[in-house]
Amino acid sequence: MKIRTIAFLLILFGTLAVFSLTYAQNAPEASERGKEVYENSCAHCHGIEGRGDGSAAENLLPKPRDFTRGLYKIRSTEAGQLPTDQDLFDIITVGMPGSSMPEWETALSTEERWQVVAYIKTFYEGFKENENPPKQITLEGKISYAEQSVEIGKELYVELGCVECHGNVGRGDGTSAPTLTDSWGFQTWPANLTQGWNYRGGADTEDIFKRFIGGIAGSPMPAFEGDSFLNFGLTAEESKRLIELENRDEMTEAEEEESGKFYEKMDTAVDIALSIKEGAEMSAAEMQTYNDAMKVVYEKSWHLANYVKSLMPEKRPEPAIGNNVLRSQYVQGTLPAIDDAVWETFEAGYFPLVGQVVIEPRQFNPTIDGVHVKSFYSDTEVAFLFVWDDRTHTTGDEIDEATGKPLEDALAVQFPVKVPQGPTAPKPYFLGGGRLPVYLWHWKASTPEQVTELTAKGINNAEAQEAQGELQVQSTYIDGQYKLWVKRALKTEDKKDLQLEPGVFVPIAFSAWDGSNGDVDTKRTMTSWYTFTLEPVPSSRRFVYPPIIAILSVGLLFGLRAFVQRRNTEDV
Amino acid sequence: MKTYLLASFTLLLACCYVGIIGTTFAADPDAGEMEMLVFPENYKPMAVNNGGTISGVVKFEGDKPEMKVLEITKDPKVCGATEKYDESVVVGEDNALKNTIVYLIDITGGKDFDKEAKLEMDQKGCKFTPHVQIVPLETRLTMLNNDRVNHNVHIFSNINTPVNKQQTKNRRRMPLAGVKKAEGPVAVKCDIHGWMSAWIAYVPHPYFAVTNEKGEFTLEDVPAGEYKLGYWHEACGTNSEAPATVTVEAGSTVAQDFTLKLK
């Protein structure tokens, strides 16, 4: 069976290779050439007829796009408009992060990408019918990033209702998040705005600006057009005045009249905006009214875009390898508790997670991006802080139909029972290898103050250890983020536990489950093996303070600094 | 960045090679092909003198179904003040079926729309009222927000441009642009409050009626002649395949009742 599949695939790819060679030699029309490119590179996902139903589509979420409805997410154009050719070309070139849509910059030539643009447009009549080019969102008058702008944007984020879906600090955990479906009826999630690298259409301020003004067609994400904004048609001062008037218990006659004028002005602006949308001709005066009103809207939009931008780090953190390898920092005395501000004083090690797609049941559509880990150790103990984003707090109320097990959020941390000696020593094989056992910490959202220690010799062969209770555990779930704190003695009596000592590089790996995404058993997200080490004491000089230190309580800061200085002088 | 893409793509490819297909995702059945109204290719408004009337009652066949209470997952103060029901089948006394569209399929000339009619759809208590709204072409529909919570008005048009626009708690009235092509009924949703549901039909002529609580409908000022009379109901479907035939005589009323069952 397997051999046949492979043989089949070889033949298939072989044929494809031959075909593409032949095709390269003649030069038919752009869209006809595009058809060939499409059928070679895109159809297995997007379907021969562009319905998003290719052979690989079955397991994917979001689904490969159905091109027959003209719904495009990433556009430079206004709400309800089709994308420009350039938009299509660009998205095909760079792909859509956070989804299975690959980039095609390397695999297809520029010419081929333009050809395939021409071809996918043939799947939707609307492209032919529209004689006017789509109306683009203007990027003029950009307000550059500044703290004050971010502050204004933050208010707009709540006022406009982004918070409903994207949550208090943008982790995609808004109260509407669990019930969203896309235009094809499939479940979908609001973007986690703190993970710019997973944005489908790029996370530059301009990208963000275009996304909420134009909306994300096919998804629940609405457009925020002119009159979605408070008091559309009024200047900032007028708007302020109106709010002031509206907040009075009673208005005088003059004030009634004044507010009446404002309402009229707003009605006029809304009316003009609609007429423009309907395609009516407008007088110069009307255009002026419209442009004035939109100027205010665009200003607000830049502030909002700046705020969204402020939610994410500048770039995706580097995974915890090489220079970034996770180093547990030495502390003398008691290790910091979960809410200690000292955790904020340095960068976490970042362990990106991917869906487990090797063993049934698989997870093709992971919702957890990665785990961020920090650690301190003392002469006797080690403490870890594991932090990861999950849009929902799922504690096992629902049962998975296939396995009969509760769906709940969880995290597993794996170590070998014995640290492999030397670089060539075999690593414990994680999934079902069974050669070397792993020592496992398993935390579940339903028992948030408990971590079970297990010994596992394979994916379906994990046993809870007889001796439990060696771990101290605390955890929180706030605004779409889990924090799990685990403390253990460096050395334990239990032979099945990993024993820790400074300076040794210890393999570590993670698995995470998002219950609301159907994660259970092997359907999960996971990392490969990384390493961490208890940073030997002399090197604690390297302990650097990033600027966040400002938020530290002063006492703690001084205590810490004194401690580090003492260490350093001791070393000398 | 590229490495991540590459990694995930490799995983994807790997699974293709293994060639085993895992779980599949079932789409929401509501999202499938919806049965549609049938519109005449051309319609010419003209003066109608001494037209006739078609009226009747639409009934539901079978036991009166229990209306499902909707789960209010959000803004309970505003949305959950009164119980909300799934309105896909609303059956009243004597099995009267509300929210059925009854209309003339093949009329090509007749009265013009009532230009004075106020076209409004309310969002109150996180529920759309009415549940089924007829909207003439090129006519604005004003969405009202009486809730003081944020809604997003999501109209799932296919032929016309779909609309998905935020109506914040501060915007009491939000008129929507008129559309050019007959279509529908299309679903209306608020994604913020996922249970909110309604239908809009964009129509090219005024001979459309929606049944009331008593299942009644009336089409007035119909020029004398023979017509195909169609219906559409969200849960019971249409009779587009075999519409009723009615003969309208000047100045008189012709009755035509329907009995529908779940499809």
Side-chain angles (χ1 to χ4, degrees), chain A residues 2 5-6 9 56 58-59 61 63 69 71 79-81 95 97 100 102-103 159-161 164-165 175-176 178-181 183-187 197 215 217 219-225 227-232 270-271 274 277-278 315-316 352 354-355 357-358 360-362 364 402 518 523, chain B residues 1-9 11-12 14-32 73-75 138 140 149-154 156 158 160-171 173-180 189-195:
Chain A
K2 249 185 206 148
T5 323
I6 294 170
L9 282 167
E58 204 163 9
N59 294 308
L61 261 192
K63 290 271 161 225
R69 284 174 65 181
L71 296 173
Q81 302 270 319
S100 54
E103 56 91 12
E159 183 180 297
L160 289 165
E164 311 281 0
C165 294
T175 43
S176 294
T179 56
L180 300 180
T181 51
S183 294
W184 292 267
F186 294 100
Q187 181 169 35
W197 56 93
S219 97
M221 161 98 178
F224 292 78
E225 297 177 271
D227 63 334
S228 297
F229 287 76
L230 183 66
N231 297 340
F232 176 70
V270 170
D271 191 60
L274 274 182
K277 203 163 180 128
E278 288 162 346
K315 56 183 181 43
R316 185 178 196 164
V354 292
V357 294
V358 181
E360 193 72 32
R362 306 180 169 92
F364 292 97
K523 190 171 179 197
Chain B
M1 184 75 200
K2 280 225 180 97
T3 24
Y4 296 119
L5 271 178
L6 201 72
S8 43
F9 196 55
L11 277 175
L12 191 83
C15 78
C16 294
Y17 271 105
V18 178
I20 305 171
I21 288 151
T23 32
T24 57
F25 298 93
D28 181 346
D30 294 349
T73 49
K74 194 171 157 115
D75 297 325
E138 321 244 355
R140 291 175 188 174
V149 298
N150 295 314
H151 288 302
N152 69 310
V153 178
H154 198 163
F156 290 77
N158 258 323
N160 292 289
T161 309
V163 175
N164 185 6
K165 185 168 170 180
Q166 191 85 340
Q167 182 164 18
T168 58
K169 53 172 156 256
N170 298 308
R171 186 144 300 271
R173 303 170 57 80
M174 187 170 85
L176 301 175
V179 309
K180 292 211 165 66
K189 262 182 75 174
C190 167
D191 298 283
I192 292 178
H193 306 96
W195 64 85

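Letters go in sequence order (proteins before strands), and every chain restarts at 1.
- With chain A as the partner, the residue from Pro175(B), Cys190(B), Pro162(B) showing the most heavy-atom pairs under 4.5 Å is Pro175(B).
- For the atom pair OG (Ser100(A)) and CZ (Phe364(A)), the distance works out to 10.5 Å, reported to the nearest 0.5 Å.
- In this structure, no portion of Lys169(B) lies under 4.5 Å from any heavy atom of chain A.
- For chain B, the nearby parts of Ala223(A) are the backbone and the side chain; heavy atoms of each come within less than 4.5 Å.
- In terms of non-hydrogen atom pairs under 4.5 Å with chain A, the most contact-rich of Asn160(B), Ile192(B), Asp75(B) is Ile192(B).
- Under the rule for a side chain to side chain donor-acceptor pair (under 3.5 Å), the partners of Asn231(A) that lie at least two apart in sequence or sit in another chain are Ser239(A).
- Residues passing the ring pair (Phe, Tyr, Trp, His ring centres under 6.0 Å) test with Phe232(A), sequence neighbours excluded: none.
- Of the listed residues His151(B), Arg140(B), His154(B), Gln167(B), the one with more heavy-atom pairs under 4.5 angstrom with chain A than any other is Arg140(B).
- For Leu180(A), the part sitting under 4.5 Å from any heavy atom of chain B is the side chain, from C-beta outward, and nothing else.
- Within the 4.5 angstrom heavy-atom criterion, atoms from both the backbone and the side chain of Gln166(B) approach chain A.
- Chain B forms the most heavy-atom pairs under 4.5 Å with one residue out of Ser176(A), Ala217(A), Ser219(A), Cys165(A), and that residue is Ser176(A).
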Show, in sequence, the C-alpha distance, side-chain angles and deciding distance for Lys189(B) and Thr181(A), and conclude whether the side-chain hydrogen bond (donor to acceptor under 3.5 Å, both in side chains) test is met.
CA-CA 11 Å; Lys189(B) 262 182 75 174; Thr181(A) 51; 3.0 Å; yes

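- Of the two parts of Gln187(A), neither the backbone nor the side chain holds a non-hydrogen atom closer than 4.5 Å to a non-hydrogen atom of chain B.
- A cation-pi arrangement is absent between Lys165(B) and Phe224(A), since the terminal nitrogen or guanidinium carbon is not both under 6.0 Å from the aromatic centre and inside a 45° cone about the axis.
- Comparing Asn150(B), Thr161(B), Thr73(B) by heavy-atom pairs within less than 4.5 Å of chain A, the highest count is held by Asn150(B).
- Proximity to chain A (any heavy atom under 4.5 Å) is restricted, for Asn152(B), to the side chain, taken from C-beta onward.
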For Lys180(B) and Glu278(A): C-alpha separation, side-chain torsions, deciding distance, then whether salt bridge (Lys or Arg N to Asp or Glu O under 4.0 Å) applies.
CA-CA 9 Å; Lys180(B) 292 211 165 66; Glu278(A) 288 162 346; over 6 Å; no

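- By the 4.5 Å heavy-atom criterion applied to side chains, Asp227(A) and Met174(B) are counted as neighbours.
- Chain B forms more heavy-atom pairs under 4.5 Å with one residue of Pro220(A), Gly161(A), Gly215(A) than with any other, namely Pro220(A).
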Residues Lys523(A), Glu360(A); criterion salt bridge (Lys or Arg N to Asp or Glu O under 4.0 Å); working and verdict:
CA-CA 7 Å; Lys523(A) 190 171 179 197; Glu360(A) 193 72 32; over 6 Å; no

